[in-house]
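Step one of this worksheet: look at the structure below.
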Protein chains: 2
Amino acid sequence: MSGLTERQKLVLALLVRDYVDTAEPISSGRLVANYHLDFSPATARNEMAALEQRGYLFQPYTSAGRMPTKEGYRYFVQQLMGADELPSPIKEMIRHQFYQARHDVDDWLSLSASVLAQQSRVASIVAQLHTEKARLKQIALLSTRGRQVLLVIILSSGEVHQQTLILEELLPQEQLNSMAAQINHLVAGMDTIALEEKRGEIKDTQLEEVFTVVHQIIRASEVISSGDVYRDGLANMLSEPEFSEPEKAKQTLELFEDRVMLDDLLSRTVIESDAPGVHVIIGGEDTWDKLGDCSLIIARYGSKEHAMGAVGILGPLRMAYSRGVSTVRFVSDLMSELVSESLSN
Amino acid sequence: MSGLTERQKLVLALLVRDYVDTAEPISSGRLVANYHLDFSPATARNEMAALEQRGYLFQPYTSAGRMPTKEGYRYFVQQLMGADELPSPIKEMIRHQFYQARHDVDDWLSLSASVLAQQSRVASIVAQLHTEKARLKQIALLSTRGRQVLLVIILSSGEVHQQTLILEELLPQEQLNSMAAQINHLVAGMDTIALEEKRGEIKDTQLEEVFTVVHQIIRASEVISSGDVYRDGLANMLSEPEFSEPEKAKQTLELFEDRVMLDDLLSRTVIESDAPGVHVIIGGEDTWDKLGDCSLIIARYGSKEHAMGAVGILGPLRMAYSRGVSTVRFVSDLMSELVSESLSN
DNA sequence: TTTAGCAGTCTTCTATTGAGAGTGCTAAAG
DNA sequence: CTTTAGCACTCTCAATAGAAGACTGCTAAA
C-alpha cells in the first residue's frame, strides 16, 4: 500500500487541526469552507472516505462528520505536523521566571510543572530521575535533637539525599563530625560495589550503623525514579469535553495519582530510547495500555552524568500536539541548560 | 426561638444519615419505614416542615423529599453526631503502617495523606506548619559541585531546611567546615531578632553572604506554612454524584491545586483557634467562601514547641462527618504521638 | 478526475403525555 | 392539643413521537 497523496495529507492535517479546536466531528463542507480549499466538498468527501479506509479517520455514526483515530493522530504527528514555536515574548518570560527562581533544582522542577500546565492548558508531570551509577561525594551528620541525627548524603551528580537516624547512644556534634570525616575519607567517590567491599574495614558499631544506611540510600537512589513527582494543571483537563463523563475523568485522575504507574511511564521513555528529544505517545495500546485515551508528550533533560529528569504533559487524544511538542522541547532544553550551567560552576 | 424537640432532633439526625448514604432527597415515608419510627409519615412531615422553617432542611422542588442545608449539617455535627470510632483492627493496621515507616516526618506525612484518603473515601490534605519562633540549632556547608554549596539548616524544633548557594569563589570543603563552625559558634540558639544584631560582627564577605541566606531562610520558616503539602484521594471525589457536573469538579480541583488557598485554609484553622482538636468547616460562607460546596475536617498535630502540622480531609457537603472526625482525630493523635516520641529520644 | 444534485440515514431538539413520588392541607380520631 | 388518615395538587422523570437539520454516499454529468 503506497503512501497518501498530497491532497490526502492536506485534508488529514486540516481535519486534525480543526477537530482539535472544535472537538466536533468535521464535515466535508465545513473543511472546504473554513480553509478555502480549491476543490469541492464532494472531492473532500472522497478523500475522507479514503482516509477512513486506511484507518486514519472514523465517523461516530453514519453520516456525521469525521474525527481522527489514534492512528490518524500518529500519522499527523509523525508526518504532517510542523513546528508551532512558542512566541518569543513568552519564551523570554519563561526564561526570566527560571533565572529568577532560586538556584535549586527542586524549585526549577516545580516551576517547570507550572509553566507546562499553563502553556499547554493540560496537565503536566515533572520528575527527577536518577543516574544509573551513583557515586558518593560526601556525607554529613548533624545532630538535630537528642539521639536523632540527620544524615545528609551528596552524590557526585550533585543530588542530595537526607534521612533521619536515631543512634544507639547520644553523641556530641564533635564526635558526629569525626564519624562523618572517617566515612568520607574511607569511601569518597565510590559506587555501591566498591562501597560493599569497604564494609569489612569498619570496626566501630556506631560507624557501621551509619555506613549501612549510607549504603542503603545510595542503592535506593540507583532506581530510575525515586524523587518527588511534580504535577500541575489537573483542573485544566476537566474543562476538556472528553472528560465531561465523570468516569473518564476519574480514570485519568487515578492514572495521575498512581505513582507506580507514573514511574513506569517516565522510566520507559527514558530507558527505552537513548535518543534524546521529545517523545509523543498517543493513546494506550499494548505496551502503554494504562494510558487509555490520553496522550503523553515527554522529554528528558540533563545528561546521564548530571542531574537528569523528565518533563512532560498529559492530555486527551485531542490535543494541540504541535504546540505541545514545542513547549515541552523548550522547557526541557531550558532545564538542561540550567542544570549544566549550575553544575559547571 | 427555643431549641429543637427531641423528636425533631431524631428526624434531623436520621435524615442526615440517610441522605449521606443515598445522596437522594429523603421523603417522610422513607424515613419512617427505614428506621421503624413509632410515628406516622404525616407526623414526620410536620416535623420536617418545622425543620425546614428553621433552615435546617430544604426541598429541591415542591414536593420532593428533603435534604439538609449547610445549617442542617452544622447542627448535626455540633449537636447530634455521635462518635463513629474506627474499628480496632483498622486502627491497629494504620498504627502498624506508621511504625513500619522510616523515622522521617516526611514519610509520616505522606502516609497520613494516603491513610486519610483511603479511610474517608474523599480527598486528603496534610501539611507541615511552622512554629512561630524559629531558633537556629546549627548549620552545615557541603560542597556539592564546583562553586556550588549546599547549605543545611537545622532549627531547634528539629526542622531541616536546605538550599543551594553559588559562592563567589571556589572553596575547599575544609574551609567550608570552618565557615560553618564560625557561624554556628556565633549564632547557635538565636532567633531572627538576635541574629540581626549579630550581623555587624561579621567581617568576611563570603561569610556574610552565607549569613544573609541563613537569615532569610529562618525568616521564611517563620511563616505559618511553607513546606510541602501532601494530597491524596482526588480521584475518590469524582465518584461522588455531586461532582458529576464537570463545572463543580473543576472548581474543587482548582481549590486543591491552589497552594495559596490551602495555606490560608490551614493556617486559619491553626491560628484562629488555640484549641486543639478536630475542626469541622462546613461549606463556604463569608470567611470561608472559597470552600464553596465542600466541607473540611481538619486537626492539628504536634505542639508549638515541636514539629507541628495539620491533617485533614476535604469532601462534598454530603459526607460522613462522624466517621471523618474520628479518622482525622485518630491520625492527628497518632502523628502527635510519633512526633513527640521521636523528639524525646 | 471532479463535481452538482439528491435520496437516504442518523442525531438532536422539542413537545406531549402518563406515571409516580411526595407533599400540604383538612378533617377526623385519640 | 397532638396525631394521623385521606386526598388533591404539584412537580419531576421517562418515554414517545415528530420535525428539523446535518452529512454522507451514490450517480450521472461536466
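So you know, we letter chains A, B, ... as the sequences are listed, proteins then strands, and number each from 1.
- Between Leu253(B) and Leu234(B) there is a side-chain heavy-atom pair separated by less than 4.5 Å.
- Here dT23(C) presents its P atom at 14 Å from CZ of Phe58(B), a figure rounded to the nearest Å.
- Salt bridge absent: Asp258(B) and Lys290(B) never bring a charged side-chain N and a carboxylate O closer than 4.0 Å.
- Atom CZ of Arg7(B) and atom C1' of dT2(D) are 8 Å apart (whole Å).
- For the pair Glu240(B) and Arg318(B), the salt-bridge criterion is met [side-chain N within less than 4.0 Å of a carboxylate O].
- One interatomic measurement links the two molecules: CD of Glu24(A) to C1' of dT12(C), which rounds to 12 Å at whole-angstrom precision.
- The base-pairing partner of dA28(C), taking Watson-Crick or G-U wobble contacts with both distances under 3.5 Å, is dT3(D).
- The aromatic ring centroids of Tyr73(B) and Tyr321(B) lie less than 6.0 Å from each other.
- A salt bridge does not link Glu247(A) to Lys250(A): none of the charged side-chain nitrogens sits closer than 4.0 Å to a carboxylate oxygen.
- The distance between atom CZ of Phe39(B) and atom P of dT4(D), rounded to the nearest whole Å, is 9 Å.
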Base versus backbone protein contacts along nucleotides 20-30 of chain D [heavy-atom cut-off under 4.0 Å; B, S, -]: ---BBB-----
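- Between the CG atom of Leu31(B) and the P atom of dA21(C) there is a distance of 17 Å, given to the nearest Å.
- Atom CD in Gln8(A) sits about 12 Å away from atom P in dT1(C), given to the nearest Å.
- Between Val122(A) and Met319(A) the shortest side-chain heavy-atom distance falls below 4.5 Å.
- Nearest nucleotide to the side chain of Tyr61(B), out of dC11(D), dT2(C), dT4(D): dC11(D).
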